[in-house]
Amino acid sequence: MAEKLTQLRALRPTIPVHSSCLRSEDFKTYLVPKGKARTLNGETTEEFSKLWKNQFPYSHTYPVPSGRYALWYFLEHCQFEVGAEVLIAAYNYYVIVRMLVQKGLKPVFVDIDPATLSIDTADMERKVSTKTCMVLVTHMFGIPADMNTIHGFCTEHKIKLFEDCAHALGSTHETTQVGHLADGALFSFGIAKITNTFGGGMLVMKPSFAANFLLPVHKHSSPVAHFDSFIRFLITLISLPPCYSWLMAPLTRLGDALAEKGHTTLRNFVAPSKNDTGYSFESGKRPAYKNFMTSMQARQLARLGSNIQRRIQIAAIIKTAIEPISHLHSLDENTFGEWNGSYLGVYADDKMAFAKYLRMQGISCNTQEFFDCSRLAQFSEFAADCPNAAYASDHLVRLPNYPSLSEMEVLHIVRTIGGFNS
Ligand SMILES: *Cc1c(COP(=O)(O)O)cnc(C)c1O
């Protein structure tokens, strides 16, 4: 109550933690698509690979219904033996771990490097066994992982390498887009990612490995799936700053309240749970990658460089404010490559106190972006001790740093952080 009053008094709309950097032309591309076919055919697959030639001159690129399908198709192509082990960072998106388990594979949780949030290569080397078939590396928050060490390790052990680049479009390893070293990589163009085409994703594959790979023909089963992009369009719309405070934020609160009473539909709609014990991957759930997504992506790729530049600039300003605060600790985003600024994370000694303080000042943040999966009840069979991943789960807070923040908003964030000393 007190919290609400303070906000009302300030009459300040809430700054969302994430906002898609879309322009009205992007919405137009969606609403008035050029070309006849709205679903993908051979022709648009070609258009798709052409679009990605700059980022991936040597790899094959395939459009997929959403990022996770890339991993699914890759695993189907690999045909690993049941029970084979996959080395994966414990601080992760539970869906990815679920998919490994669903495929009959055994996730072996590896701790993370706390400064870059990606797999700790020393722990990875300790956990390799004769059953290891793959390393799944995530460029968490868009922060490049130690690809030289990981790639060398996979070559030495003759195991596959998969890169989760869902956050890492525009992040580079030795000046090249991450994802180019792996046998397979996934990219996501969902509504919360650095480019948003209201769904869709990409599978990137090394040519030698893609030689006898055929992109599966995608069939989706639900008639409701036709509205998939439209729903994502609506969620994007009501998440934009002018609508966020008055529509999205109350909807999220209502969704949370209903979820507490066991009604999870609304919550899962506006803010899907980050630890859903009932999740299983069903390939018929999402509609196919659509034609309009390619032109929408092209527009966003054309300004990705300036988008990233601004994100990094804002992150640097915010990190300067964080530095003198003894309860807050920044990450080191550029240790193994160049970060794209897609998610700005900060460690807070008391995460909840910091989040509450920010909220009172009209700044949203996210206190539970991902979890230490090695500690989740749903993966208890694979439990491991990963103290750095546990620390990230308990202390990491995500802050807003998207390009559409105004100078005034950035200043407000900086001043607010500067005043945090509880
Ligand atoms: C978003 C995301 C994915 C893929 O998500 P889709 O919703 O299937 O596009 C994979 N890994 C991480 C870490 C993600 O954040």
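Numbering starts at 1 and runs along the sequence shown. Each ligand, and each atom within it, is numbered from 1 in the order the structure gives.
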For ligand 1, which of its N or O atoms have a protein N or O partner closer than 3.5 Å, and how long is each gap?
from: ligand 1; atom 1: 7 (O); to: R68; atom 2: NH2; distance (Å): 2.9
from: ligand 1; atom 1: 8 (O); to: S66; atom 2: OG; distance (Å): 2.7
from: ligand 1; atom 1: 8 (O); to: G67; atom 2: N; distance (Å): 3.2
from: ligand 1; atom 1: 8 (O); to: R68; atom 2: N; distance (Å): 2.8
from: ligand 1; atom 1: 8 (O); to: R68; atom 2: NE; distance (Å): 2.7
from: ligand 1; atom 1: 9 (O); to: G67; atom 2: N; distance (Å): 2.8
from: ligand 1; atom 1: 9 (O); to: S188; atom 2: OG; distance (Å): 2.6
from: ligand 1; atom 1: 11 (N); to: D164; atom 2: OD1; distance (Å): 3.4
from: ligand 1; atom 1: 11 (N); to: D164; atom 2: OD2; distance (Å): 2.7
from: ligand 1; atom 1: 15 (O); to: H167; atom 2: NE2; distance (Å): 2.7
from: ligand 1; atom 1: 15 (O); to: K193; atom 2: NZ; distance (Å): 3.4

Can you give each donor-acceptor pair under 3.5 Å made by side-chain atoms of residues 208-219, sequence neighbours left out, with the distance rounded to 0.1 Å?
from: H218; atom 1: NE2; to: R286; atom 2: O; distance (Å): 2.5

- prompt: Looking at the rings of Y69 and Y62, which for Trp means the six-membered one, are their centres under 6.0 Å apart?
  reply: no
query: ring-ring contact (aromatic ring centres under 6.0 Å, His included) with Y244: which residues, sequence neighbours excluded?
result: none
Atom pairs and distances, side-chain donor-acceptor, residues 94-117, under 3.5 Å, sequence neighbours left out:
from: R98; atom 1: NE; to: Y279; atom 2: O; distance (Å): 3.1
from: R98; atom 1: NH1; to: T277; atom 2: O; distance (Å): 3.2
from: R98; atom 1: NH1; to: Q378; atom 2: OE1; distance (Å): 2.1
from: R98; atom 1: NH2; to: T277; atom 2: O; distance (Å): 2.9
from: R98; atom 1: NH2; to: Y279; atom 2: O; distance (Å): 2.5
from: Q102; atom 1: OE1; to: F281; atom 2: N; distance (Å): 2.8
from: Q102; atom 1: NE2; to: F281; atom 2: O; distance (Å): 2.9
from: K103; atom 1: NZ; to: E76; atom 2: OE2; distance (Å): 2.9
from: D111; atom 1: OD1; to: N388; atom 2: N; distance (Å): 3.2
from: D111; atom 1: OD1; to: A389; atom 2: N; distance (Å): 2.9
from: D111; atom 1: OD2; to: N388; atom 2: N; distance (Å): 3.0
from: D113; atom 1: OD1; to: A115; atom 2: N; distance (Å): 3.4
from: D113; atom 1: OD2; to: T116; atom 2: OG1; distance (Å): 2.7
from: T116; atom 1: OG1; to: S118; atom 2: OG; distance (Å): 3.3

- prompt: Under 4.5 Å between any side-chain heavy atoms of T132 and H157, yes or no?
  reply: no
message: Angle between ring planes, Y343 versus H167, binned at 30° and 60°: parallel, tilted or perpendicular?
response: parallel
